[in-house]
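Worksheet: the structure to be examined is printed underneath.
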Amino acid sequence: MATQPNVLHYINGRFVESANGAFFDNINPFTNEPINQVTEGNKEDIDAAVRAAKDAFDGGPWRTMPVEERLRYVLRIAELIERYKEEIAYLEALDTGIPISQAKKQAARAAENFRFYAEMVKTRLVGEAYHVNGQFLNYTVYKPVGVAGLITPWNTPFMLETWKVAPALATGNTVVLKPAEWSPLTANKLAEIIDEAGLPAGVFNVVHGFGETAGAALVAHPDVRLISFTGETTTGMEIIRNSAATLKKTSMELGGKSPLIVFADADMERAIDAAVWGVFSLNGERCTANSRLLLEQSIYDEFVERLKQRVDQIVIGDPMNPATELGPLIHRAHWERVNRYIEIAKQEGADVYAARVPEGLEKGNFVPPTLLLGCHNRMKVAQEEIFGPVMAVMAFADEQEAIRLANDVKYGLAAYVWTNDMKRGHRVAQAIESGMAWVNSPNVRDLRIPFGGTKYSGIGREGGHYSFDFYTEVQVVHVAVGDPPIPSFGKTKPSSALSVEQK
């Protein structure tokens with residue numbers, strides 16, 4: 001039985017059904033029963049949303065209004081997110097299976113995204129000026145690009161949606177958001193919040209639907225100038241290919257297979273805390289999860305034994321229970337995918353150690369916290385992104401081997417190094433091919449720093465003022481402040497150039 005109202009598109013300031021009237025079921029990952037139905041967008045709905053966004057950009061007040069006025073809207077969105085934070089956390093947990101205690105933290109971070117970019121636009125979105133020989137003044141201005149197509153994932157969807165929407169709006173762009181089809185509830189709530197904030201019609205739009213239809217239409221649309229995508233690598237490659245036809249700017253935050261390297265001199269208890277939290281929080285559905293654990297050989301046995309004890313104590317259960325630490329995976333199809341990798345690990349010779357899912361949870365998409373022990377880097381489970389509460393564990397002999405193993409994957413999003421030798425910490429972190437690296441720290445992030453990966457983990461950086469490189473265009477204006485000489489061209493006819501009549 002449905003527990004929530006049906007979800008509609010938000011186009012040009014109105015909540016509307018799809019042009020063809022189609023809907024699809026949104027499934028509760030804890031019960032595998034329908035939560036509600038979601039209107040299914042297609043090319044016609046994308047066209048309507050993009051047209052509304054383009055009209056709002058070209059002829060509406062958003063791009064041209066004083067910055068202070070635009071930022072008041074942005075701050076109003078932050079205030080409303082805080083007002084509705086309990087509802088947002090509930091919807092996120094209901095829709096995704098993320099434990100409610102963790103969903104509340106994501107809602108709080110979402111409000112901060114809008115406040116942060118309101119401040120960043122005021123303080124950091126500034127140009128440069130250059131005087132040239134007292135004759136010219138050259139200066140730069142940052143201008144919004146146009147319609148931004150934002151395609152967001154189903155893991156921590158609300159926080160990641162606001163991470164993109166906040167800088168896009170704050171810099172003066174208009175937006176068409178295509179949220180993941182498996183997690184529509186909080187995207188719908190964001191539309192309700194922005195509607196309540198009173199943004200001009202067409203500035204922000206949401207079209208629900210599937211990537212192959214709605215998402216592809218958004219990428220292909222000639223009036224969309226930006227595509228920011230967070231998701232798996234194969235889809236990102238397809239988006240880049242399709243964006244090339246209309247020369248869109250793209251920002252890609254893609255998959256990961258991030259290593260956590262623990263040297264023998266590390267603080268073992270803290271390293272265990274970080275390893276457990278980094279891969280089992282958010283149900284393991286985290287792009288920066290430390291899904292590969294590399295242990296120096298001399299501490300391998302002790303570390304693994306203590307890790308097993310911690311895995312056995314993780315509280316598995318109803319995501320609405322504040323005590324739950326690990327909930328169900330987002331969808332049955334993803335549950336099947338993660339379990340296939342666990343079976344592959346057994347076939348490849350890994351020793352699989354998993355906690356037990358308590359009785360009474362059979363309806364949900366539960367995968368217990370799982371360790372794949374005795375792995376080596378040629379195994380599929382050590383190379384491919386599993387995106388669940390599963391960690392491949394392997395040993396290394398020395399620093400050089402740790403670096404080699406860490407880099408011997410196609411991904412390069414994040415990395416974690418644990419050692420009390422800080423010279424080695426810096427050395428190893430910088431030797432790893434990743435967009436981000438943490439030393440003696442879990443994944444904690446300052447909003448001012450760039451976020452993104454290398455290799456197959458993505459292209460570009462968002463976060464902090466680095467988002468301005470994507471969400472704005474830099475224009476250079478050259479102004480003559482004196483009377484600089486202009487080359488004479490065509491003023492005086494040379495005496496040797498005789499006219500036809502003279503000839």
Side-chain angles (χ1 to χ4, degrees), residues 24-36 38 91-99 102-103 106 151-161 178-187 208-212 215 229-236 238 253-258 278-291 314 316-319 324-346 352 354-355 357 361-370 372 380-381 383-392 411 413 457:
F24 62 92
D25 285 337
N26 181 32
I27 304 299
N28 183 335
F30 183 56
T31 65
N32 276 302
E33 296 174 351
I35 297 172
N36 58 358
V38 182
L91 293 173
E92 194 90 318
L94 176 68
D95 215 12
T96 68
I98 294 172
Q102 298 168 36
Q106 300 300 315
I151 304 176
T152 51
W154 45 256
N155 62 313
T156 62
F158 190 75
M159 192 276 290
L160 291 176
E161 286 154 6
K178 208 300 283 182
E181 57 268 26
W182 286 352
S183 57
L185 293 185
T186 50
H208 298 277
F210 297 93
E212 300 84 355
F229 171 75
T230 297
E232 60 96 21
T233 298
T234 302
T235 304
E238 186 68 16
E253 196 270 280
L254 307 177
K257 194 70 176 175
S258 302
V279 75
F280 299 129
S281 63
L282 303 178
N283 301 339
E285 296 165 326
R286 182 203 292 269
C287 58
T288 54
N290 45 260
S291 53
I314 292 174
I316 305 168
D318 183 347
T324 294
E325 297 175 313
L326 189 140
L329 298 185
I330 180 88
H331 195 276
R332 202 66 176 178
H334 187 55
W335 177 88
E336 291 170 353
R337 179 180 184 273
V338 173
N339 276 296
R340 278 197 301 272
Y341 272 108
I342 294 173
E343 289 304 311
I344 290 170
K346 294 175 183 177
V352 176
V357 176
L361 301 178
E362 292 78 13
K363 289 184 178 181
N365 304 324
F366 286 94
V367 172
T370 302
L372 309 180
K380 192 177 243 188
V381 293
Q383 289 290 316
E384 298 183 7
E385 186 176 41
I386 300 174
F387 216 66
V390 180
M391 183 162 57
Y411 297 105
L413 186 57
S457 288

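Everything quoted here is computed from the prediction, not taken from an experiment. Each residue takes its place number in the sequence, starting with 1.
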Is the backbone of [Y] close enough, under 3.5 Å, to the side chain of [X] for a donor and an acceptor to pair up by distance?
| X | Y | result |
| --- | --- | --- |
| Thr324 | Asp318 | yes |
| Arg332 | Gly364 | yes |
| Lys178 | Gly209 | yes |
| Asn28 | Glu33 | no |
| Arg337 | Ile386 | yes |
| Trp335 | Phe366 | yes |
| Asn290 | Ser258 | no |
| Asn32 | Lys363 | yes |
| Lys257 | Leu413 | no |

| request: Verify whether the ring centers belonging to His331 and Trp154 lie closer than 6.0 Å. | output: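 No; Trp154 has its ring centre 6.0 Å or more from that of His331.
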So, taking the atom named [atom1] in [X] and the one named [atom2] in [Y], what distance separates them when rounded to the nearest 0.5 Å?
| X | Y | atom1 | atom2 | value |
| --- | --- | --- | --- | --- |
| Glu385 | Ser291 | CD | OG | 7.0 Å |
| Leu329 | His334 | CG | NE2 | 5.0 Å |
| Ile98 | Ser281 | CD1 | OG | 9.5 Å |

